[in-house]
Amino acid sequence: MSKEVRVRFAPSPTGPLHIGGVRTALYNYLFAKKMGGKFLLRIEDTDQTRFVPGAEEYIKESLEWLGISPDESPWNPGDCGPYRQSERKPSYMQYALDLVEKGHAYYAFDTAEELEAMRERLTAARVVQPQYNSISRTQMKNSLTLSEEEVKERLASGEPYVIRAKMPRKEEVRLNDMIRGWVMVHTSSLDDKVLMKSDGMPTYHLANIVDDHLMGITHVIRGEEWLPSAPLHVLLYKFFGWEDTMPQFAHLPLLLKPNGNGKLSKRDGDKLGFPVFPINWENQETGETAAGFREQGYLDDAFLNFLAFLGWNPGDEREIFSLEELVEAFSMERIGKSGTKFDIDKAKWYNEQYLRNKSDQELASYIKEDAGKDGVELNQEVAEKAAALVKGRVTFPADLWKESKFLFVPLTGFDMDVAAKKWNADAVKVLTHYSKTIAGFTGTFDAETAKAMLGASAEAEEIKLGKVMQAVRLAVTGSGAGPDLMEVFAILGTQEVSKRIQFALDTLPVIA
RNA sequence: GGUCCGUUCGUCUAGGGGUUAGGACGCAUCCCUUUCACGGAUGAAACACGGGUUCGAUUCCCGUACGGACUACCA
């Protein structure tokens with residue numbers, strides 16, 4: 001019989017959630033939903049010194065933006081609360097003590113200076129790995145070296161202490177990672193990790209095992225940076241006697257810099273001009289800010305689609321997936337092993353695809369909003385026309401207004417390079433004729449009519465239309481490039497087109 | 001340094017003992033077109049290296065190189 005799949009995303013609230021973390025959350029979500037299970041969020045705030053106000057809210061908002069909100073979380077608790085480790089603090093000590101009793105952990109009273117001295121001593125002795133381990137612990141102040149009475153005394157006197165895991169001297173730890181297969185590590189290379197800190201808080205290692213166990217977590221899906229400590233975690237499950245319910249591990253490949261090597265960092269984004277965070281971040285206290293994909297104009301579903309493909313693929317040649325389709329297609333086996341370089345061009349491409357698939361109605365609302373910011377009020381009908389006209393030439397929603405703005409505000413000038421090449425006597429003749437003709441036109445001025453009339457004007461002046469089209473565009477739009485000109489004319493209407501042509505005729509000097 | 005993980009076009013990847021090594025982004029060319037873009041078509045572009053195993057290896061094994069992660073009373 002198989003029990004319900006329960007996975008968790010367990011970020012620590014130390015700042016804005018990195019895009020790699022968002023992808024981890026997404027894969028957790030996809031796996032949970034695919035398996036018909038639950039996706040939980042647990043805040044790992046056991047390091048009180050690194051707590052950053054607002055970080056929790058940021059995590060919540062980021063996940064909500066992408067539509068991958070957890071089934072259980074601090075804000076939406078299930079039966080396994082609390083969902084913040086700081087609030088679970090009282091329960092950890094008993095588990096650490098249980099390990100001490102079983103002989104799998106011990107008290108250590110060494111000060112920071114003593115630890116430093118130990119490392120220096122070992123380094124001087126050319127020990128390859130200067131660490132607190134099965135060898136060096138015999139030289140340190142802990143309940144393994146001190147007498148029982150002295151340990152009791154120290155404890156009773158309130159002397160600060162930590163509880164360390166006691167690594168077996170010679171043992172092979174194996175774990176079957178869902179992505180990497182069997183990974184084997186010898187305990188001789190592991191150190192006696194601190195389980196309980198002197199402030200009474202557990203470290204990540206203890207807390208995550210205890211909580212995963214208590215919360216019924218079946219699969220631990222996390223970044224590759226955790227792989228080296230996974231053997232310790234396996235050992236901890238053994239120490240507790242929880243092997244039977246130990247979750248399966250899956251260590252995700254890292255997100256790397258677009259150029260060069262190494263993990264993707266905030267600096268890379270700043271340097272290359274793209275965000276590495278889902279949404280904007282601002283730390284009120286420090287003034288630290290970070291740009292988000294959302295505010296840069298990335299669509300939630302496009303960004304999600306892009307993110308899903310950073311390290312995973314469906315195995316066929318489809319590229320566009322809604323969240324529901326991702327859930328359907330997702331499988332852990334199809335996650336790659338190697339690190340993935342971040343490619344912002346692909347993100348843009350996804351955004352374009354999703355933008356073009358939106359209806360003119362939806363697109364119109366973006367245009368209306370941005371136009372409003374420029375003090376231009378547009379009605380739905382005309383905004384939709386503008387949207388239809390420019391939707392094929394944009395990457396971000398904000399581009400819609402940028403590309404169509406010229407329809408609604410007076411021209412600020414003409415592209416003089418184009419003018420130098422294309423503005424000539426022939427163009428002036430045709431435009432003069434055309435301007436007069438349409439000014440008196442009272443029929444329906446649609447694209448076809450506009451074009452037919454323009455053709456007629458050219459013919460009347462015995463000039464080939466193709467010769468002057470660029471000049472016509474320049475006169476009406478100020479630019480040598482843009483969307484379909486006759487559609488532009490239709491939106492503008494006879495009076496506005498005529499007016500603009502007249503203005504161009506008055507303004508632009510004829511060269512030839 | 002040590003431990004662990006990884007390596008198919010520039011990038012994301014499919015594939016897997018015998019293939020013209022497939023797709024996507026980007027790039028180039030052409031078509032469409034009054035322009036730019038969109039769209040369509042085409043093209044350049046990859047199995048890190050060395051040994052095995054095998055009739056045959058890009059695919060399996062072992063090394064090497066390169067890259068990465070970890071190496072805290074941080075997660």
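Note on naming: letters A, B, ... go to the chains in the order of the sequence lines (proteins, then strands), and numbering restarts at 1 for each one. The model shown is predicted, which means the values in this text are computed figures rather than measured ones.
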Quick one: which of [options] gets closest to the side chain of [X]?
X      : options             : answer
A/R393 : B/C73, B/G6, B/A37  : B/A37
A/K341 : B/U34, B/C12, B/A69 : B/C12
A/T340 : B/U13, B/U34, B/A75 : B/U13
A/R180 : B/A24, B/U3, B/C5   : B/C5
A/H205 : B/U35, B/G68, B/A75 : B/A75
A/L254 : B/G68, B/C36, B/U34 : B/G68
A/A481 : B/C38, B/C36, B/A75 : B/C36
A/K337 : B/G6, B/C70, B/C74  : B/G6
A/S12  : B/G39, B/A75, B/C4  : B/A75
A/R164 : B/C5, B/A75, B/C73  : B/C73

What nucleic acid atoms does [X] come within less than 4.0 Å of, heavy atoms only: base, sugar-phosphate, or nothing?
X      : answer
A/K346 : base
A/K263 : sugar-phosphate
A/M184 : sugar-phosphate
A/D399 : nothing
A/P483 : base

Side-chain N,O ([X]) to OP1/OP2 ([N]) below 4.0 Å:
X      : N     : result
A/N313 : B/U13 : no
A/K197 : B/A75 : yes
A/K451 : B/U34 : yes
A/T46  : B/A75 : yes

Report the C-alpha distance between A/F309 and A/F321 in whole Å, list the side-chain angles of each, state the deciding distance to 0.1 Å, and finish with yes or no for ring-ring contact (aromatic ring centres under 6.0 Å, His included). CA-CA 10 Å; A/F309 272 69; A/F321 283 78; 5.7 Å; yes

Please state how far atom CH2 in A/W226 lies from atom P in B/G6, giving the value in whole angstrom units.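 Computing the A/W226:CH2 to B/G6:P distance gives 20 Å.
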
Give the rounded distance in Å between these two atoms: CD of A/Q48 and C1' of B/A75. 14 Å

Output field: ring centroids A/F330/A/Y27 closer than 6.0 Å: yes

For A/R137, is there an ion pair with A/D192 - N to carboxylate O distance below 4.0 angstrom?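 Looking at A/D192 and A/R137, the cut-off is met.
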
side-chain hydrogen bond (donor to acceptor under 3.5 Å, both in side chains) partner of A/N142, the single match among A/Y132, A/Y107, A/Y106: A/Y132

Evaluate ring-ring contact (aromatic ring centres under 6.0 Å, His included) for A/F342 paired with A/F274, printing each intermediate quantity in order. CA-CA 11 Å; A/F342 192 81; A/F274 60 80; 5.1 Å; yes

